[in-house]
Amino acid sequence: EDIIDPDLPAANECWHFPATAFVAQLRTCGWFSETEFEQILPKEVLREGPHRAMYYEAVREATDNFLRHNVLPLNRVLRKYLINTPKRMSAFFGNALQETQWFTKLHENNSTMWYYPWDGRGFLQLTGPDNYVCYWDFVGRGSQISQQTRTQLHNAYKAASADRAHAQAHIGDDISGVTQVMIGWRASVGGGEDNSPTPDSRLFPADSAGFYWSKMEMAQYADRDIVLQRREVSATRPPQHHHPDTSPAVQKIYYHSDNFHDASAAVNYPAGVGNPNSTFNGYVARCIGFAQTLAVVGEPWFPDGTGTLLPFPEGRQPRRD
């Protein structure tokens, strides 16, 4: 028999937190720990290869140093640029995860690209001198860049794009007109390529991504309704030169949403905005990061092949301790 304490009021007279409202309020904090950033990292991703090939591969945990160095700047950027809803965070990190090769690098560092050394740096990788200069204007350093330097760099980039076989004859640091001060700033956007941390190299990788998010108006696309479309692809393990993998192709799932497609296109292929069938660099991989982040920070339901709604992307596992 239940024992009723006569000194306590009836339950319907007590004020209390509904459990769901309590959790919803805690979620408005929007400040991630290193462990929570780790959770938005998928365990397995899809990657497009040449000739429409599709590969699947495992993703390791982010290194302690990578998260330790970037957790504070990333959190500040999420607040500063109002990347503060599940829709916005999933659009931001869906792109940032892929562009940093799943939290492993902040500099593309590919000297074979025609636009090197103005290749991608930061969490949403700035590419090309015009974008770098625009960011430095934004952070108040524009007065240190002469109009002559701006014009030389802009023209060098155009000439390199038009003559890609000989791009370095136009865009190389020894001929483009870039100053030594700007070369140091550029390295800082990639986290400081000389391994000597500075205030700039800790701030710029995340802050430049927030700047680019705003410049390309990604929020207007991220804020639209998310309508998850389940897509199935046939994928194999990536080929290895010395140990070819003969395992058969398997079916893998990813989720497309028009709003995420347009947010991604805005920073990668602006002509693709509004065309859900357009493709651009790494889109399927970006979709994996998008769905993973959405599952962690939001409350979506992912349809499986039968129409059943799942709390986590089909075929994926949460990354938990």
Side-chain angles (χ1 to χ4, degrees), residues 24 27 30 32 37 39-48 52 54 56 59 78 81-100 102-103 123-125 209-210 212-235 251-319:
R27 277 186 169 173
F32 288 77
F37 274 124
Q39 289 181 36
I40 69 174
L41 190 64
K43 287 189 172 183
E44 180 190 89
V45 296
L46 294 172
R47 172 167 62 85
E48 298 99 320
R52 298 188 177 182
M54 188 69 65
Y56 68 94
V59 174
L78 296 180
Y81 296 94
L82 299 181
I83 306 171
N84 55 3
T85 67
K87 289 180 179 179
R88 294 185 179 189
M89 286 187 283
S90 58
F92 179 85
F93 284 111
N95 286 280
L97 285 165
Q98 189 271 347
E99 296 202 14
T100 59
W102 316 104
F103 284 170
F123 280 90
L124 292 182
Q125 297 199 342
Y212 203 55
W213 161 278
S214 298
K215 179 178 184 290
M216 304 309 295
E217 300 181 338
M218 289 177 70
Q220 67 171 311
Y221 308 111
D223 286 346
R224 294 185 346 221
D225 289 342
I226 293 177
V227 180
L228 293 170
Q229 299 175 25
R230 177 184 181 273
R231 295 186 174 179
E232 191 169 325
V233 294
S234 180
Q251 299 305 110
K252 295 290 184 179
I253 308 302
Y254 72 95
Y255 292 88
H256 160 95
S257 180
D258 286 352
N259 77 313
F260 176 67
H261 174 277
D262 285 353
S264 301
V267 295
N268 290 278
Y269 180 57
V273 173
N275 179 4
N277 295 318
S278 66
T279 58
F280 44 84
N281 179 43
Y283 177 63
V284 173
R286 296 170 196 270
C287 286
I288 300 297
F290 160 71
Q292 177 85 13
T293 305
L294 187 61
V296 171
V297 304
E299 293 184 350
W301 292 96
F302 298 88
D304 69 5
T306 67
T308 301
L309 298 179
L310 308 173
F312 210 78
E314 182 180 353
R316 307 287 165 192
Q317 294 181 334
R319 187 184 289 274

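Below, each value reflects all heavy atoms present in this structure, side chains not excepted, and no hydrogens, waters or symmetry copies. A quick note: this is a predicted structure, and the numbers were derived from the prediction, not measured.
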Smallest separation among heavy atoms of [X] and [Y], with atom names:
X      : Y      : value
Met218 : Val267 : SD-CG1, 3.1 Å
Pro303 : Leu228 : CG-O, 4.1 Å
Glu314 : Asp304 : OE1-CA, 3.2 Å
Ala285 : Leu46  : CB-O, 3.2 Å
Ser90  : Pro86  : OG-O, 2.8 Å
Ala209 : Phe123 : CB-CB, 3.7 Å

## Note on the structure
Tested for side chain to side chain donor-acceptor pair (under 3.5 Å) against Ser264, the lone hit among Asn281, Asn259, Asn95 is Asn95
Side-chain heavy-atom pair [X], [Y] within 4.5 angstrom cut-off:
X      : Y      : value
Phe92  : Leu124 : yes
Phe93  : Leu78  : yes
Glu48  : Met54  : yes
Val45  : Leu97  : no
Met89  : Ile40  : no
Val284 : His256 : no
Trp102 : Pro42  : yes

Return yes if some donor-acceptor pair links the side-chain N/O of [X] with the main-chain N/O of [Y] below 3.5 Å, else return no.
X      : Y      : result
Gln292 : Gln39  : yes
Arg286 : Gly94  : no
Lys87  : Ala222 : no

### Summary
Here the gap from Asn275 atom CG to Asp262 atom CG, rounded to the nearest 0.5 Å, amounts to 9.0 Å
### Among Trp301, Phe302, Phe260, ring pair (Phe, Tyr, Trp, His ring centres under 6.0 Å) partner for Tyr255
Phe302
### Task
State, without any angle test, whether Glu232 and Gln251 hold a side-chain donor-acceptor pair at a distance under 3.5 Å.
yes
### Query
Would you say the ring centroid of His261 lies under 6.0 angstrom from that of Phe290?
no
### Task
Could you point out which residue of Lys252, Arg316, Glu44, Gln98 forms a side chain to side chain contact (heavy atoms under 4.5 Å, CB included) with Ile288?
Arg316
